[in-house]
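Okay, so here's the structure we're looking at.
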Amino acid sequence: MSTTSPTVGGPRLYSTLSRRSEPLEPGPDGTVRMYVCGPTVYGPVHVGNARPFVVFSVLKRYLTRRGFAVRFVSNVTDVNDKIYAAAGREEVPSAELAARYLAEYVADTDRLELGRPDLEPTVTGHMPEIIDLIERLITVDLAYPSHGDVYFRVNRFPGYGKLSGRRLDELLVTEPGDAKEHPLDFALWKGHKPDEDTFWESPWGNGRPGWHIECSAMAQSALGPSFEIHGGGIDLAFPHHENEIAQSEGANGVPMARIWAHNEMLELGGKMSKSEGNIILLRDALDRWGRDVLVAFFLRTHYRSKLPFGDPALEDTARQVETIRNTILALDRAESAPGTGINRELADTLVAARNDFFDALDDDFHTPRAFAALFEVIHAIHRAVDGARPGLAQLQATRSEFVALLDVLGLASLAVSRPGAPVEIVALAREREIARAEGDFARADELRAEIEARGYEVRDTPEGPQVTSR
RNA sequence: GGCGACGUGGCGAAGUGGGAACGCUGCGGUCUGCAAAACCGCCAUGAGUCGGUUCGAUUCCGACCGUCGCCUCCA
């Protein structure tokens, strides 16, 4: 990732368009409006698809905690070449296939427990808006019908290439395309083909929308012609977002988005993409690692850095997550046997770390630095619990502050005490205590092993044995 | 070929024109019947390579090497 300007009052985000970090200001209606390109539902979503979902969901969380009203819109593409192809392979109607994978996408991302976007529009739900936008582009001469299709006239839009830093004459052109005036003209509307089992009526005959026009239409419909943040994976910058800009700004004459925010790719020995076949499904990753580890994994690296997905990094994250849980356990313990007064170091660290935490997130959503601040708090808590243990009031205030920080990152679940051990485990632990008191350590160790075999762990503390699930 | 991002300790990952955060691992110690957790301490004289600017560069500039993304569907 490249460097960004230091924080000067308020959140800033790096924009691919200006190639620098920009102050984030709400729109005229006082809300931050954010549109993020979601998946095409032709199969189960993979962990790469989850990165923008996590990043922008947590960004919304952060901005909300920061006092902004945020409207987060993320579309789902449910009409597309790949959907027809997949439907053909599975021998089901394309609409049925899209509906099924849409439901699975929602179910899989729900497991991340980061809430839903405020609106998740679909292509099929926006045909009139799409057709209307195409008509307007034809009216202003930015688009033309040809052979049952409609194409965007790239040469007539002066800013074409401004997002991705390309010039028309530099772009590699392969196929001439007899239906198009210019090889880089792209389809807004595609005439119906016999092997496609869905189509919509339009002024240009039956057909369906091209890929890019849907986002222009849906974003405008949900957020207006101009909004604050447009997000998505960096691989979408060209041509998808470039084309969105051409369509929306060509039709509306105002900047589509103030900030173009792009997350970098997940890597799994090369880019993870469905067409390459090197895929880890989100649901499989959730099964294996759980949402806490997965969410923390995405957040411990900056969103604009490439992120290698692999066991070492996930195992590393799992240990970090465990450390956070242990901190809560330490607070539990301390609150059951509080000290007195105020621990100055703890209080001071908390204030400083809180500032660092929010400064980091203000600076281009710098979650790795926010994590560093979190660990400052963690160490201060342990030192206070083990050393000059403060009174109950400070312990409780510390806990709520700590949990509030975790909550900003969507990790407050780490602070939820796991369900207490069942009675039979408690009984074993009690038996072990008796054995220990009698000096029968062999028996005590046997009982520890028995408890561990049943999925629990005993930790002897000054406050007595603590039994946790593991 | 063009556009773009990036190369920091065993691994992951930050900041910074002049002391290289933070996490994981490892090592030593404290605590502990044991164990775990936790705490204390240690672990890059060097930041892909080579030049340049500078009193001074990991940080700025250039070249080269390398990795990755985009240029076709892709989060």
[X] [atom1] - [N] [atom2] separation (whole Å):
X	N	atom1	atom2	value
A:L361	B:A14	CG	P	14 Å
A:F309	B:A13	CZ	P	14 Å
A:H241	B:C71	NE2	P	13 Å
A:K180	B:U72	NZ	C1'	10 Å
A:R369	B:A20	CZ	C1'	15 Å
A:H302	B:A5	NE2	C1'	12 Å
A:N263	B:G69	CG	P	15 Å
A:Y456	B:A37	OH	C1'	19 Å

Under 3.5 Å, is there any donor-acceptor pair linking the side chain of A:D316 to the base of B:G23? yes
Name the residue closer to the 5' end of RNA chain B, choosing between A:Q320 and A:L307 according to the nucleotide with the nearest heavy atom. A:L307
Please compare A:N326 and A:P368 by the position of their nearest nucleotide in RNA chain B and report the one closer to 5'. A:P368
Expressed in whole Å, how much space separates the [atom1] atoms belonging to [N] and [M]?
N	M	atom1	answer
B:G62	B:A5	P	13 Å
B:A13	B:C24	P	15 Å
B:U16	B:A47	C1'	12 Å
B:C40	B:G23	P	10 Å
B:U8	B:U49	P	10 Å
B:A63	B:U25	C1'	38 Å
B:G2	B:U72	C1'	16 Å
B:A20	B:C42	P	14 Å

I'd like to check the side chain to side chain donor-acceptor pair (under 3.5 Å) partners of A:R291; sequence neighbours left out, ordered by chain and number. A:S413
Please enumerate all residues that pass side chain to side chain donor-acceptor pair (under 3.5 Å) together with A:T317, with sequence neighbours excluded. A:R300
Closest approach to the side chain of [X], judged atom by atom: which nucleotide of [options] is it?
X	options	result
A:R166	B:C71, B:C24, B:A75	B:C71
A:E264	B:U25, B:A37, B:A5	B:A5
A:K82	B:C73, B:G23, B:C68	B:C73
A:N49	B:A14, B:A75, B:C22	B:A75

Ring-face cation of A:R51 near A:Y303 (centre distance under 6.0 Å, axis angle within 45°): no
Face-on cation placement of A:R369 at A:F358 ring, 6.0 Å and 45° thresholds: no
I'd like to know whether the aromatic ring centres of A:F309 and A:F297 sit less than 6.0 Å apart in this structure. yes
Pair A:H241 and A:H262, ring centroids less than 6.0 Å apart: yes
Classify [X] by what it touches in the nucleic acid, base, sugar-phosphate, or nothing, heavy-atom distance under 4.0 Å.
X	answer
A:V36	nothing
A:E376	sugar-phosphate
A:G38	sugar-phosphate
A:P462	nothing

So which protein nitrogen or oxygen atoms get under 3.5 Å of nucleotides 31-34 of chain B's nitrogens or oxygens?
| from | atom 1 | to | atom 2 | distance (Å) |
| --- | --- | --- | --- | --- |
| B:G33 | N7 | A:R436 | NE | 3.4 |
| B:G33 | N7 | A:R436 | NH2 | 3.4 |
| B:G33 | O6 | A:R432 | NH2 | 3.1 |
| B:G33 | O6 | A:R436 | NE | 3.3 |
| B:G33 | N1 | A:D445 | OD1 | 2.9 |
| B:G33 | N2 | A:D445 | OD1 | 3.2 |
| B:G33 | N2 | A:D445 | OD2 | 2.6 |
| B:C34 | O2 | A:D445 | OD1 | 3.4 |
| B:C34 | N3 | A:R448 | NH2 | 2.7 |
| B:C34 | N4 | A:R448 | NH2 | 3.4 |
| B:C34 | N4 | A:D460 | OD2 | 2.2 |

RNA chain B contacts among residues 379-388 of chain A, heavy-atom distance under 4.0 Å: A:H379, A:H382, A:R383, A:D386
Counting only side-chain N and O atoms of [X], is one of them less than 4.0 Å from OP1 or OP2 of [N]?
X	N	answer
A:S164	B:G69	no
A:H262	B:C70	no
A:T323	B:C24	yes

Going by distance alone, is a donor N or O of one side chain under 3.5 Å from an acceptor N or O of the other, for [X] and [Y]?
X	Y	result
A:N49	A:H46	yes
A:Y84	A:T198	yes
A:S21	A:D364	no

According to salt bridge (charged side-chain N to carboxylate O under 4.0 Å, His left out), who are the partners of A:E452, at least two apart in sequence or on a separate chain? none
What's the separation between atom CG in A:D287 and atom CG in A:L282, rounded to the nearest 0.5 Å? 9.5 Å
Inspect the contact between [Y] and [X] and indicate whether a charged nitrogen and a carboxylate oxygen are less than 4.0 angstrom apart.
X	Y	result
A:R304	A:E264	no
A:D359	A:R354	no
A:R443	A:E431	yes

Dot-bracket for RNA chain B: what is it, with Watson-Crick or G-U pairs under 3.5 Å, [ ] where a pair crosses earlier ones, and | for a pair to another strand? (((((((..(((.....[...))).(((((.......))))).....(((((..]....))))))))))))....
